[in-house]
Colleague: 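This structure is in structure tokens; I'll ask about it shortly.
Whatever order the structure lists them in is the order used to number ligands and atoms, beginning at 1. Below, each value reflects all heavy atoms present in this structure, side chains not excepted, and no hydrogens, waters or symmetry copies.
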Amino acid sequence: MLLSELNDIKEKLIKEIEKSSNLKELNDVRINAFGKSGVITTVSKNMREVEPTERPKFGAMINEVRKTIEERLGKKTEEFEKEELNKRLKEEQIDITEPSKGLEIGAFHPITNVIDRLTDICVDMGFSVVEGPEIESDYYNFEAMNIPKNHPSRDMQDTFFITDEILLRSQTSAVQAREMEKRKPPFKIVCPGKTYRNDSDATHSPIFHQLEGLVVDENISMADLKSMLTILMKRLYGEETMIRFRPSFFPFTEPSIEVDVSCPNCHGKGCNICKGSGMLELLGAGVVNPKVLEISGIDSKKYRGFAFGFGLDRTAMILDSISNIKSLYKNDIRFLEQMR
Ligand code: PHE
């Protein structure tokens, strides 16, 4: 082997290094030079064949070639890595001046909020939460509630009939009858849900919501109902809330009452929310009529009960200062955004 050949090898490798256009190609050159059967490795191995007198010169030359090629490879690698980094920095650049897309934060519907708050309070008091069908039979909605066919008290609720026997429930009281048939006293249930009546103005919507409560046990009296509702109202609207019980009439309770609370907005002074009266009418209630217990197979000599029915739309409107009930049903995202 001649020194000039060694020089050729060096020149060829340098050219290959300069020609390579990425890290992978550069690595191929490295293997080609220093790999197991690379040119420089082979030349080093073949030193034996060189004349002993020539060996020192040859050795020095091989070392020089190795050093040069390693340096060149190192420099080129650095260049490629720098290029790669610059490319990534450019691609992954973040424009911190770009306006943000904004996070959409959801909100619960006011009715959902009221249902959650009321059922939470009732569950604390030992009630179970139940549900019933919105498409109901005339039997559970009326007859089992002591409202026979053609009875004048049916006029209290302008009902949507589907057939003579099937209707959209006009009161969650229908669930009372269903549960009384199923359960053995004592029990305490609340039932939130949608109800329907042919009614429509700023405070009435054909679809609305009620929360029904029913307690059946021995020795239940009007006093239990009054104290339970007082606690419930104070927890919902605040300790300072005043509660007023007025005599009323429902076919399924005897005696019956209606319950008003002091307006949470003006605390009884009178404002536009309570239309100047200082009080708001919120629910109907009463001691369950023994006839209703008997219809559903509960011994009215042994057991008594009390029941109440909350208007949830009213409650939500008062809590969230909503002036028109229709806003609750329009699905207007701008309205719901205000409920956050
Ligand atoms: N169901 C009655 C209504 O819708 C409310 C009510 C429920 C009254 C339970 C008394 C007891 O008007």
Colleague: Using atom types as modelled and distance alone, determine if a side-chain donor or acceptor of Glu294 lies under 3.5 Å from a backbone N or O of Ser300.
Modeller: yes

Colleague: Does ligand 1 have a heavy atom under 4.0 Å from the side chain of Arg197, from its backbone, from both, or from neither?
Modeller: side chain

Colleague: Assess Met156 for proximity to ligand 1: is some non-hydrogen atom of it under 4.0 Å away?
Modeller: no

Colleague: Taking atom types as modelled and ignoring hydrogens, do the side chains of Gln210 and Thr172 form a donor-acceptor contact shorter than 3.5 angstrom?
Modeller: yes

Colleague: Testing the 3.5 Å rule here: is there a donor-acceptor pair between the side chains of Glu81 and Thr77?
Modeller: no

Colleague: Within ligand 1, which atoms have a heavy atom of Gln210 less than 4.0 Å away?
Modeller: 3 (C), 4 (O)

Colleague: Got the closest protein heavy atom to atom 9 (C) of ligand 1, with its distance?
Modeller: Glu212 OE2, 3.3 Å

Colleague: Which part of Phe308 is near ligand 1, with near meaning a heavy atom under 4.0 Å away: side chain, backbone, both or neither?
Modeller: backbone

Colleague: Heavy-atom contacts with Phe250 under 4.0 Å: which atoms of ligand 1 show up? List them by number with element.
Modeller: 8 (C), 10 (C), 12 (O)

Colleague: Can you tell me if Tyr303 and Asn219 form a side-chain donor-acceptor pair at under 3.5 Å?
Modeller: no

Colleague: Within a distance under 4.0 Å of any heavy atom of Ala285, pick out the atoms of ligand 1 and give their elements.
Modeller: 8 (C), 10 (C), 11 (C)

Colleague: Determine yes or no for a side-chain-to-main-chain donor-acceptor pair under 3.5 angstrom, with Asp320 supplying the side chain and Met317 the backbone.
Modeller: no

Colleague: Quick check: does Gln171 get an N/O under 3.5 Å from an N/O on ligand 1?
Modeller: yes

Colleague: Gln171 and Tyr196: side-chain donor and acceptor closer than 3.5 Å?
Modeller: no

Colleague: Just to be sure I read this right, does ligand 1 sit under 4.0 Å from the backbone of Ser173, its side chain, both, or neither, counting only heavy atoms?
Modeller: side chain

Colleague: Would you tell me which option among Ala307, Gly284, Gly213 has the nearest heavy-atom contact to atom 6 (C) of ligand 1?
Modeller: Gly284

Colleague: Assess whether side chain to side chain contact (heavy atoms under 4.5 Å, CB included) is satisfied between Leu336 and His109, documenting all intermediate values.
Modeller: CA-CA 7 Å; Leu336 293 173; His109 191 277; 3.6 Å; yes

Colleague: Can you tell me if Glu212 and Ser173 form a side-chain donor-acceptor pair at under 3.5 Å?
Modeller: yes

Colleague: Provide, to 0.1 Å, the distance between atom 5 (C) of ligand 1 and the closest protein heavy atom, together with that atom's residue and name.
Modeller: Gly309 CA, 4.1 Å

